[in-house]
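Heads up, the thing below is written out as C-alpha cells.
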Amino acid sequence: WLGKLRIGVFTEKDIQQHQVKTEEFPTGDNIPEHIAIIMDGNGRWAKARGLPRIAGHHNGMKAVKRITKAADRIGVKVLTLYAFSTENWKRPKAEVEFLMKLPQEFLSLELGELMENNVQVKMMGNRDLLPDHTIAAVEEAVRQTQHNTGLILNFALNYGSRLEMLDAAKQLARQAVAGQIDLDAIEEPDFEKYLLSNGLPDPDLLIRTSGELRLSNFMLWQLAYSEFWFTDVYWPEFSEQHLYDAVREYQRRARRYGGL
Ligand SMILES: Cc1cc(N2CCCCCC2)n2ncc(-c3ccc(F)cc3)c2n1
C-alpha cells in the first residue's frame with residue numbers, strides 16, 4: 001500500500017513538460033524497428049544561451065549518447081543519425097574542422113560502453129572529402145563492433161541522398177550497358193542494393209528537431225513510407241522522454257492505420 005504513496009504531488013502538465021521524470025517508457029508491439037533522426041538546432045541552442053555554435057555541437061554529441069541508450073532500452077533495432085550532410089561543407093572552415101573531430105571524440109569516450117552494450121557502429125556516407133583522421137576513427141569503430149548483434153548505430157556522415165541515388169542509377173546503367181543485367185527485369189531491390197543503406201530496413205519513423213519541416217536531402221528513397229515526427233525542441237535538449245513521445249505517437253498511428 002505504501003508503495004503507491006506519491007511523494008509530493010505532480011500534475012499531468014508536469015509530466016508533459018518532463019518536469020517529472022516518469023519511469024514509463026513505451027513497450028509492447030509496434031516499437032519502430034528503425035528510427036532515423038535529423039539532429040537539428042545545435043547552433044540555435046548555443047545562440048539562445050550566448051554560447052559559441054561549437055558548444056551546441058558538443059552538447060549535441062551528449063544527446064547522441066542519451067538517445068542511443070534510450071532507443072536501445074526499448075528495443076529499437078537500427079538508429080540512423082544525420083551527423084553531417086554534403087551541404088554542411090559550406091559552413092565556416094573552423095566549424096567544419098571542429099565537426100570533423102567529433103566522431104573520434106565521441107568514439108574515444110563511448111566505444112567501450114558501446115562494445116559492452118553489443119552495439120554495432122556503421123557509417124553511411126561518402127568517404128571523399130572526409131579527413132583521414134575522421135575516417136580512421138569511424139572505420140576502427142566499425143571494425144571493432146562489426147560482430148556485435150545489438151542495436152545498429154548508423155551515422156550518416158557526409159551523406160546526400162540525391163548523390164546516393166544518382167550513383168546507384170549509374171552503377172545499374174553501367175551493368176545494363178555491359179549487358180550484365182536485363183534492363184526490363186530491373187526491380188526496386190536491384191536498385192536498393194547500390195544504396196549506402198544497403199542491408200538496413202527502411203526507417204519506420206523519422207524524427208526532426210528544431211522545428212524544421214524539411215527532409216534536407218536525407219534518405220529520400222528510404223523514407224517513402226516512413227512516419228514523420230517533428231518537434232520544436234533543439235537537438236541538444238532532446239530527452240529520452242521526447243524520443244518516447246515520438247515512439248508513442250508512432251504506435252498510436254500504427255494502431256489507427258494498422259486497421260482498415
Ligand atoms: C560530424 C559529426 C557531428 C556530430 N555532432 C553532434 C550531434 C549533433 C549534430 C552535429 C554535431 N556528431 N555526433 C556524433 C558523431 C559521430 C559520427 C560518426 C561516428 F562514428 C561517431 C560519432 C558526430 N559527427
Side-chain angles (χ1 to χ4, degrees), residues 34-44 46 53-54 56-65 67-68 78-111 114 119-146 152-171 191-200 202-203 206-210 212 214-223 226 235-236:
H34 183 173
I35 297 178
I37 304 181
I38 303 178
M39 307 182 285
D40 224 344
N42 302 281
R44 275 167 286 166
R53 287 175 58 82
I54 57 174
H57 299 320
H58 215 259
N59 279 274
M61 202 171 67
K62 291 178 191 152
V64 168
K65 174 175 183 177
I67 299 307
T68 300
V78 185
L79 179 64
T80 295
L81 301 176
Y82 203 6
F84 193 87
S85 77
T86 45
E87 285 73 34
N88 287 150
W89 294 112
K90 298 168 191 154
R91 296 261 180 90
K93 185 168 177 289
E95 185 174 342
V96 170
E97 282 174 359
F98 177 86
L99 288 166
M100 285 295 110
K101 292 189 181 112
L102 287 184
Q104 64 239 62
E105 182 170 347
F106 178 87
L107 293 167
S108 63
L109 291 169
E110 306 304 344
L111 189 54
L114 291 172
V119 172
Q120 185 183 129
V121 173
K122 289 177 82 75
M123 179 196 140
M124 181 172 80
N126 188 328
R127 279 161 173 67
D128 305 345
L129 293 179
L130 285 176
D132 292 344
H133 62 84
T134 305
I135 295 174
V138 176
E139 289 191 338
E140 172 58 16
V142 168
R143 188 191 63 76
Q144 277 193 38
T145 63
Q146 64 187 311
I152 294 175
L153 181 55
N154 179 40
F155 288 99
L157 199 55
N158 191 28
Y159 172 82
S161 181
R162 286 188 171 182
L163 210 60
E164 174 193 33
M165 290 197 281
L166 181 62
D167 187 54
K170 283 159 77 172
Q171 291 189 65
F191 179 80
E192 287 171 339
K193 69 182 172 211
Y194 293 110
L195 295 176
L196 295 166
S197 55
N198 180 43
L200 297 177
D202 288 341
L206 170 76
I207 294 171
R208 181 163 191 165
T209 57
S210 89
E212 303 300 340
R214 302 185 302 275
L215 287 179
S216 299
N217 196 22
F218 184 58
M219 300 185 87
L220 302 177
W221 171 280
Q222 300 89 335
L223 290 169
S226 309
W235 174 249

Report summary line: The salt bridge (charged side-chain N to carboxylate O under 4.0 Å, His left out) partners of Glu212 (sequence neighbours excluded) come to Arg44, Arg214
N/O donor-acceptor pair under 3.5 Å between [X] side chain and [Y] backbone:
X	Y	answer
Thr209	Met39	no
Gln171	Ala168	no
Asn198	Leu195	no

**Report entry** Steps toward side chain to side chain contact (heavy atoms under 4.5 Å, CB included) verdict (Phe155, Val138)
**Finding:** CA-CA 9 Å; Phe155 288 99; Val138 176; over 6 Å; no
Report task. Determine, step by step, whether Leu223 and Leu215 satisfy the side chain to side chain contact (heavy atoms under 4.5 Å, CB included) criterion, reporting the C-alpha distance in whole Å, the side-chain angles of both residues, the deciding distance to 0.1 Å, and the verdict. Result -> CA-CA 9 Å; Leu223 290 169; Leu215 287 179; 3.9 Å; yes
Give the minimum heavy-atom separation between [X] and [Y], together with the two atoms involved.
X	Y	value
Pro203	Gln222	CD-O, 3.6 Å
Met219	Ser161	N-CB, 3.6 Å
Leu102	His57	CD1-CB, 4.0 Å
Asn42	Gly60	OD1-CA, 3.5 Å
Gly56	Pro236	O-CG, 3.7 Å
Tyr82	Tyr159	OH-O, 3.0 Å

Requested in this report: Using the test side chain to side chain donor-acceptor pair (under 3.5 Å), find all partners of Ser216 that sit at least two apart in sequence or belong to another chain.
Outcome: Arg208
Going by heavy atoms in the side chains, are [X] and [Y] under 4.5 Å from each other?
X	Y	result
Phe191	Met165	yes
Asn154	Leu81	no
Thr86	Asn158	yes
Leu163	Asn217	no
Thr145	Val119	no
Lys62	Lys65	no
Leu200	Ile152	yes
Leu153	Gln120	no

Requested in this report: Check the surroundings of atom CG in Asp132: do more than 12 heavy atoms from other residues, nucleotides or ligands lie under 6.0 Å from it?
Outcome: no
Query - Verdict with reasoning, Ile207 to Ile35, per side chain to side chain contact (heavy atoms under 4.5 Å, CB included) - result: CA-CA 7 Å; Ile207 294 171; Ile35 297 178; 4.0 Å; yes
To the nearest 0.5 Å, what is the distance between [atom1] ([X]) and [atom2] ([Y])?
X	Y	atom1	atom2	result
Leu206	Ile38	CG	CD1	5.0 Å
Thr134	Leu157	OG1	CG	7.0 Å
Leu114	Leu109	CG	CG	10.5 Å
His133	Gln104	NE2	CD	5.5 Å
Glu140	Ser108	CD	OG	12.5 Å
Gln146	Gln144	CD	CD	10.0 Å

Report task. Evaluate side chain to side chain contact (heavy atoms under 4.5 Å, CB included) for Arg162 paired with Leu166, printing each intermediate quantity in order. Result -> CA-CA 6 Å; Arg162 286 188 171 182; Leu166 181 62; over 6 Å; no
Requested in this report: For the pair Glu97 and Lys93, evaluate salt bridge (Lys or Arg N to Asp or Glu O under 4.0 Å) and give the outcome as yes or no after the intermediate values.
Outcome: CA-CA 6 Å; Glu97 282 174 359; Lys93 185 168 177 289; 2.7 Å; yes
Under 3.5 Å donor-acceptor pairs involving side-chain atoms of residues 122-131, not counting sequence neighbours:
{"unit_1": "Asn126", "atom_1": "OD1", "unit_2": "Asp128", "atom_2": "N", "d": "2.8"}
{"unit_1": "Arg127", "atom_1": "NE", "unit_2": "Glu139", "atom_2": "OE2", "d": "2.7"}
{"unit_1": "Arg127", "atom_1": "NH2", "unit_2": "Glu139", "atom_2": "OE2", "d": "3.4"}

Report task. Give a yes-or-no answer on whether the side chains of Glu164 and Trp221 include a donor-acceptor pair shorter than 3.5 Å. Result -> no
Requested in this report: Go through the side-chain N and O atoms of Trp235 and Asn59 and say whether any donor and acceptor fall under 3.5 Å apart.
Outcome: no
Query raised in the report: Parallel, tilted or perpendicular for Trp89 and Phe84, by the 30°/60° rule?
Result: perpendicular
**Report entry** Step-by-step salt bridge (Lys or Arg N to Asp or Glu O under 4.0 Å) determination, Glu105 to Lys101
**Finding:** CA-CA 6 Å; Glu105 182 170 347; Lys101 292 189 181 112; over 6 Å; no
